Structures are given as C-alpha cells and as structure tokens.
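Structure record follows, encoded as structure tokens.
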Amino acid sequence: MMKERHGFRVFEGRRMAAGAPRDPRQSTPMTAQRISTSRPQADNIAMKEPLSVSLSTMEQRLSTLLEDRERLGRDLHDSVLQSLYAIGLSLETAGKISPPLPPDATQLRTHAIEQLNRLIHEVRGTIHRLKDGTVQSFDLAEELANLQRTYEQVGGMTITLDLQPTAMDYLTLEEEQDILHIVREALSNCIRHAQATRASVSLRLRGTRLRLTIIDDGVGFAASPLQRRGYGLANMEARARKLGGTLHIHSKPGGGTRLTAELLLEPILTSV
C-alpha cells in the first residue's frame, strides 16, 4: 500500500522521495530476505535429525525382535521339542515292556500320549509361525472348552464355564492369551494340590474392568503373609499386573479356594 506524506512516499515500509524510481531489489529488507531464505533450510535440518534418529532406533528394535524370534524358535526346537519327543518315546517303551495295566491305567497312559502328541504339534506350529512371522487365529472360548475337556479327563474333575459374551468381545488377542494362561495354571493347581472334584470358571464384565473368578471345592489352605509364593502363583500375579489388574486368593483349610483377577480393560479404537 502506498500513501503520500509531505513529498515522500511510504512504500512497503521504506520512505522514498516523491517521484524517485522504485528499486525492486530493495522492496524487501535485507534481513527479511535472509530470514525468509535461511529459516526453511534450518527447519528442514531440524526436522530431519530427529526423524533420522527415530528411523535408526526403529531399525535397531526390529533387528533385535527378529533375532529374539529366531533364538526363541531354536530354543523351542532344541530344548522343549526334543524333551517332549524323549518323554513320548519313554511312555511308549514303558507300555511295551511293562506288565499289562488295569484298564483305567491303560486309558490314562493312552490319553497322556495323545495330549503329548498334541503338545508336540502345537510347539512345532509355534516354531513355524516364529520362522514365517505369521499370526495364528485364537478363540478364547474354544481354548477354554478344550482345557475343560482335558482336565476333566485327566483329573476326574467337573468344570463349569460361565463366559459372558460381552466380556469376550472386549478382549484383545494378547489379553485372551494371558487369561488362558491364568486359567490353565489355576485348574492345574486344583488337580495337583487342591484335590478338587468340582471347579468353576467365570468371566464377567464389571464396568471398565473384567473379573475372572475360579472357584474349587478342594482341601484349601491357610494363607500366611510369610509363606513363600510358588512359581505358578507368581506367574498368575505377573500376568494380572500385565493386564493392569490384581490377583486375590481366598482360601481356608477344608473350604476350597476362590481366585479372583480384576483386570483393567484398555480402550480399543475402532474405525467409524
């Protein structure tokens, strides 16, 4: 904008004598020219530096994850899988050289071999998925039903499942897997330690929290603050904490055991 003021023209912030020719090179102050040309370059450099660091960090983390995945696959094959093969061969050899067993014992041995073969198949599948980087579909209700049938056959225990569909829908894959591990460990304790004949597994939604409850009619125990926690219980507590929750156990001699895990559900973002 140009205004006349006492024989001078004020043009783009500069004062010029009236009638003086305009020098287009001086239409913008030199400092402004330097700032306008140097600032974008500085901004680009400042943006590229953290981006380069972030990409480098991501590449390092990805490389570490791939190495860990390969090492885990090797460990599963060389240690766990070979040990399972050895146990299976021992069971089959013992069945051939030992005297005839009672029908119940023979049925238990046959079922143990079947479960062992199923476990070998699962471990081999896990090794292949680690190698290929694929993800296996997972259904918590189906896995819990399989667990129910297995422990009923092995432990002679009656297990009831009470799974709220709404609660199941809220769970992510990782949360489902952690819950399955907690239930498996708890039911294993019912058979190995509690000598229970009946057990129930309940999964219910309570607001933003999920409540997992496992109850048995076993021998129970007297909880003591000074009593050392076993690995199985510590593992269940760690998984509950991982899910943002807590694990509570109520038991008394002759009164069975009640295990309750209160889990905090993380919000799941879905496209609208």
Side-chain angles (χ1 to χ4, degrees), residues 108 111-112 115-116 118-119 122 136-266 268:
L108 287 175
H111 182 71
Q115 291 296 112
L116 189 62
R118 181 183 301 176
L119 181 58
E122 292 178 357
Q136 183 188 23
S137 59
F138 186 88
D139 187 300
L140 179 59
E142 181 179 349
E143 294 295 332
L144 289 176
N146 292 333
L147 201 64
Q148 176 189 26
R149 289 190 294 268
T150 298
Y151 281 112
E152 285 184 339
Q153 293 176 0
V154 174
M157 181 173 58
T158 301
I159 303 172
T160 58
L161 300 178
D162 178 19
L163 309 177
Q164 184 183 19
T166 306
M168 305 287 286
D169 293 339
Y170 270 85
L171 295 172
T172 64
L173 174 61
E174 184 177 4
E175 290 168 344
E176 288 182 335
Q177 293 174 340
D178 284 326
I179 288 174
L180 177 64
H181 286 301
I182 293 175
V183 175
R184 179 186 288 118
E185 183 65 36
L187 293 180
S188 176
N189 290 337
C190 292
I191 296 175
R192 293 185 294 115
H193 304 299
Q195 303 174 18
T197 59
R198 302 183 65 86
S200 64
V201 178
S202 172
L203 192 63
R204 314 291 294 181
L205 190 63
R206 295 289 186 272
T208 59
R209 289 186 174 272
L210 194 74
R211 178 177 296 173
L212 172 65
T213 307
I214 304 170
I215 304 174
D216 68 65
D217 63 349
V219 297
F221 60 91
S224 171
L226 301 178
Q227 186 178 4
R228 183 177 179 181
R229 299 272 177 125
Y231 175 77
L233 180 57
N235 189 30
M236 288 190 289
E237 290 178 334
R239 291 187 183 278
R241 287 195 302 269
K242 177 184 175 184
L243 298 178
T246 56
L247 187 74
H248 302 281
I249 298 178
H250 301 278
S251 182
K252 62 180 180 179
T257 301
R258 180 188 185 95
L259 182 148
T260 305
E262 294 279 352
L263 311 175
L264 179 62
L265 295 177
E266 294 291 340
I268 301 175

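For clarity, every value in this text was computed on a predicted model and none was experimentally measured.
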Which atoms form the tightest heavy-atom contact between [X] and [Y], and what is the distance?
| X | Y | value |
| --- | --- | --- |
| Ala186 | Met236 | N-SD, 3.9 Å |
| Met168 | Leu203 | SD-CD2, 3.5 Å |
| Leu210 | Ala167 | CD1-CB, 3.3 Å |
| Glu175 | Tyr170 | OE1-O, 3.9 Å |
| Val201 | Leu187 | CG2-CD2, 4.3 Å |
| Ile191 | Met157 | CG1-CE, 3.7 Å |

For a quick test of your reading: what N or O donor-acceptor pairs under 3.5 Å do the side chains of residues 192-199 make, sequence neighbours left out?
from	atom 1	to	atom 2	distance (Å)
Arg192	NE	Ser188	OG	2.7
Arg192	NH2	Ser188	OG	3.4
Arg192	NH2	Asn189	OD1	3.0
Thr197	OG1	Asp217	OD2	2.7

Supply the atom-to-atom distance [X] [atom1] to [Y] [atom2], rounded to the nearest 0.5 angstrom.
| X | Y | atom1 | atom2 | result |
| --- | --- | --- | --- | --- |
| Arg149 | Leu144 | CZ | CG | 11.0 Å |
| Leu180 | Arg239 | CG | CZ | 9.0 Å |
| His181 | Arg184 | NE2 | CZ | 6.0 Å |
| Leu161 | Ser202 | CG | OG | 10.0 Å |
| Glu143 | Gln148 | CD | CD | 13.0 Å |

Exceeds 12 heavy-atom contacts within 6.0 angstrom, atom CZ of Arg204: yes

Is the shortest side-chain heavy-atom distance between [X] and [Y] below 4.5 Å?
| X | Y | result |
| --- | --- | --- |
| Lys242 | Glu174 | yes |
| Ile179 | Glu176 | no |
| Thr213 | Asp162 | no |
| Ile159 | Leu147 | no |

Leu140 and side-chain contact (heavy atoms from CB on, under 4.5 Å): which single residue from Leu171, Val183, Leu173 fits? Leu171

Please test Phe221 against Ile249 for side-chain contact (heavy atoms from CB on, under 4.5 Å), starting from the C-alpha separation and ending with a verdict. CA-CA 11 Å; Phe221 60 91; Ile249 298 178; 3.8 Å; yes

In a table with atom names and distances, give each donor-acceptor pair under 3.5 Å that connects a side chain of residues 256-265 to protein atoms at least two apart or in another chain.
from	atom 1	to	atom 2	distance (Å)
Thr257	OG1	Ser251	OG	3.0
Glu262	OE2	Arg211	NE	2.5
Glu262	OE2	Arg211	NH2	2.9

